[in-house]
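The next block holds one structure in the form of structure tokens; read it before the comments.
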Number of protein chains: 2
Amino acid sequence: MRRVTLDDVANLAGVSPITVSRVLRKPDAVSQGLRLRVEAAVTELGYVTNVAASRLASSRSHAIGVIVPTLYNVIFAEYLFALHEVLIEHGFQLIVVNSRYSEIEEENAIKALLGQRVEAIIIAGVNHTTLSRQLLIQAHVPVVETFELSADPININIGMSQELAGHAATRHLLDRGLRRIAFLTGNLDRRAQSRLDGYGIAMEEAGLAGMNVIARIPRHSSVALGSDLFSEMRLRGDLPEAIFCTDDNLALGAMQECRKHGIRMPDDISIIGFHDLEFAACASPSLSSIATRRYETGKLAAEKVLASLNASTKSGVETFDLGFALVPRESTAG
Amino acid sequence: MRRVTLDDVANLAGVSPITVSRVLRKPDAVSQGLRLRVEAAVTELGYVTNVAASRLASSRSHAIGVIVPTLYNVIFAEYLFALHEVLIEHGFQLIVVNSRYSEIEEENAIKALLGQRVEAIIIAGVNHTTLSRQLLIQAHVPVVETFELSADPININIGMSQELAGHAATRHLLDRGLRRIAFLTGNLDRRAQSRLDGYGIAMEEAGLAGMNVIARIPRHSSVALGSDLFSEMRLRGDLPEAIFCTDDNLALGAMQECRKHGIRMPDDISIIGFHDLEFAACASPSLSSIATRRYETGKLAAEKVLASLNASTKSGVETFDLGFALVPRESTAG
DNA sequence: TTGAAAGCGCTAACAC
DNA sequence: GTGTTAGCGCTTTCAA
């Protein structure tokens, strides 16, 4: 069962292969008579362009590589949604790879993407292995690093300071007169670590360096994990006055545990989350959080890629700090 | 800036191109001396295989096409996770495309995947356009349809009866003596529609055909939408005895709204969701739901693809009903 | 507007 | 174990 090729279509339509190719790529360059004949032949044979051959011959992949640490997180889903929205519209294919939060897997992902001759790489995070960084630089394609700010961007950097955001969340609790503040987290990826750093700095600034409480269970973040983390503290008889969760999911889990045990929020305990996921506003009590801009990050990344690809000159280093916003709600009222 | 090719590596290493190719693909077939020289040259030049050329020459893409309606839903994230886990391990690349719940976009996605000469297609859903179906059949690659059961599978079908699941959820409420049962939904995609059908049948069987209440706002499912749907009913003064939500997110939104207005669960109202998302068990009250097997669906789909690709003979039609499970919890306790 | 020739970078098949 | 030859199916370039 040989696959149908351009030549087959050309034979059936009685034209040369290149004419078929033109009909498919720039129909306006072909006279209507031939175009109609070719289109009929394409339909009749069910011809579909062989992308590998097309890419090889044109040395253009029309593909853009995207590396995310996980697909298992609504944050990245929103970001990918924005990337898709913009880039697909412009005729690009996205090749999405997840690195499972591993720099080694990220390195392999980069190699795989370069093998695909992607025309740009959009990568979550700013920390890479030495080889990864070298490959990204040598690739001579636009590279966008996202979600964090880099001291030394490879090319384009679109992000926010996770540390300042962690600091702001902690500061918000401190400003309410709360002193015993716990930090709840699952796996400490780079960004969670930065938020923790921000927490540490805020605590220290408040003269509470000795009072840091870090509850951590190395599992991926989830509502259930939030419940577990909270339970553990409660069973130890070690409940703090306030909790800063790296993630709204953890916060929701903690809140559910509070409710179960008649612990009032914010009277007995204040809780703040991170990311301002869509349920935060309609939780009960509504959940204070730090709003982050995933969609905008993706959208801007996509637009910058398009701009770079259209630019004749190689763009230099650019940084965009998209910031974050503290969203105080009932869970830390008072 | 010409890209480094196999020939460059071969020249540097002083061997023929095919030897370099062998070192990269089947190192055991090359003597150690040459292998080391080639590997050194590869590293020195930072060579990465051009996938397009490789695919064209070998006429193997090592790519598997995956079509999902959205990336914006944890259900599909779990499913993709399983697909990744199995298939990447076996040296395949996944090309994931979303159809945004549109059969036309699905058709385009199929064409795009066939253009990539994917070696198999794994597609969520069993309803396709006539052309889509024809293309899938003509492609002569393994095709796996998932999440639903088909009366006429193209090749392999791994799913569950959404209608029976909807029926079971409704039946559960009826069994508790509840009669005024509302169905809450966002966009009515195929699967939501089937659940609604199941609800309708159960209501009719109970002699309650005239009492169907369907609350629907055509937005994508979310916690906020659940709150909105519930609010609308409440403001109309039309609260039912029980609610069946197409989705645990909607249920969570409804629950939050109940709590806000002092409506007790399950005393004043019973709520059941769908999918048994991970927060359902730790919600307060814990949320009854229908557990579905996203991970297992993905895993089995991946395994069946591998089996088909390894099989010498073309496999026939196979159907796997993975079923579902009613998980009764506090929100519908009797 | 259309076509002929050449080649993109790799690998299968065959020879040595 | 290693190399030679001949494509894979397109698109680019240049000529008509």
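Every heavy atom of this structure was used, including side-chain atoms; hydrogens, water molecules and symmetry mates were not. Proteins come first, then strands; the chains are lettered A, B, ... in the order of their sequence lines, and each starts at number 1.
Remark: the A/Arg22 side chain and the C/dG3 base include a donor-acceptor N/O pair separated by less than 3.5 Å.
A salt bridge links A/Arg190 and A/Glu103; the closest N-O separation between the charged side-chain nitrogens and carboxylate oxygens is under 4.0 Å.
The interatomic distance linking A/Arg25 (CZ) with D/dC10 (P) rounds to 11 Å, in whole Å. Spacing between atom CG of B/Asn50 and atom P of D/dC10 amounts to 16 Å, rounded to whole angstrom units. Between the C1' atom of C/dC10 and the OH atom of B/Tyr47 lies a distance of 7 Å, rounded to the nearest Å. A/Ile18 places its CD1 atom 14 Å from the P atom of C/dA5, with the value rounded to the nearest Å.
Among the protein residues, B/Thr5 comes within range of the sugar-phosphate backbone only, with heavy atoms under 4.0 Å from sugar or phosphate atoms but none that close to a base. Residue B/Ser59 is classed as having no contact, given no heavy-atom separation below 4.0 Å to the nucleic acid.
A close approach under 4.0 Å does not occur between any side-chain nitrogen or oxygen of A/Ser31 and OP1 or OP2 of C/dT1.
Side-chain atoms of B/Arg3 and B/Thr5 form no donor-acceptor pair, as typed in the model, at a separation below 3.5 Å. Checking A/Thr129 against A/Glu107 by side-chain atom types alone, a donor-acceptor pair falls below 3.5 Å.
Aromatic ring pairs are classed by plane angle as parallel below 30°, tilted from 30° to 60° and perpendicular above 60°; the pair B/His220 and B/Tyr72 is perpendicular. Ring orientation note: the planes of B/Tyr295 and B/Phe81 are tilted relative to one another, at an angle of 30° to 60°.
Within residues 111-120 of chain A, no residue places a heavy atom under 4.0 Å from DNA chain C.
With C/dT2, D/dC10, D/dG9 as the candidates, the nucleotide lying closest to the side chain of A/Leu56 is D/dG9.
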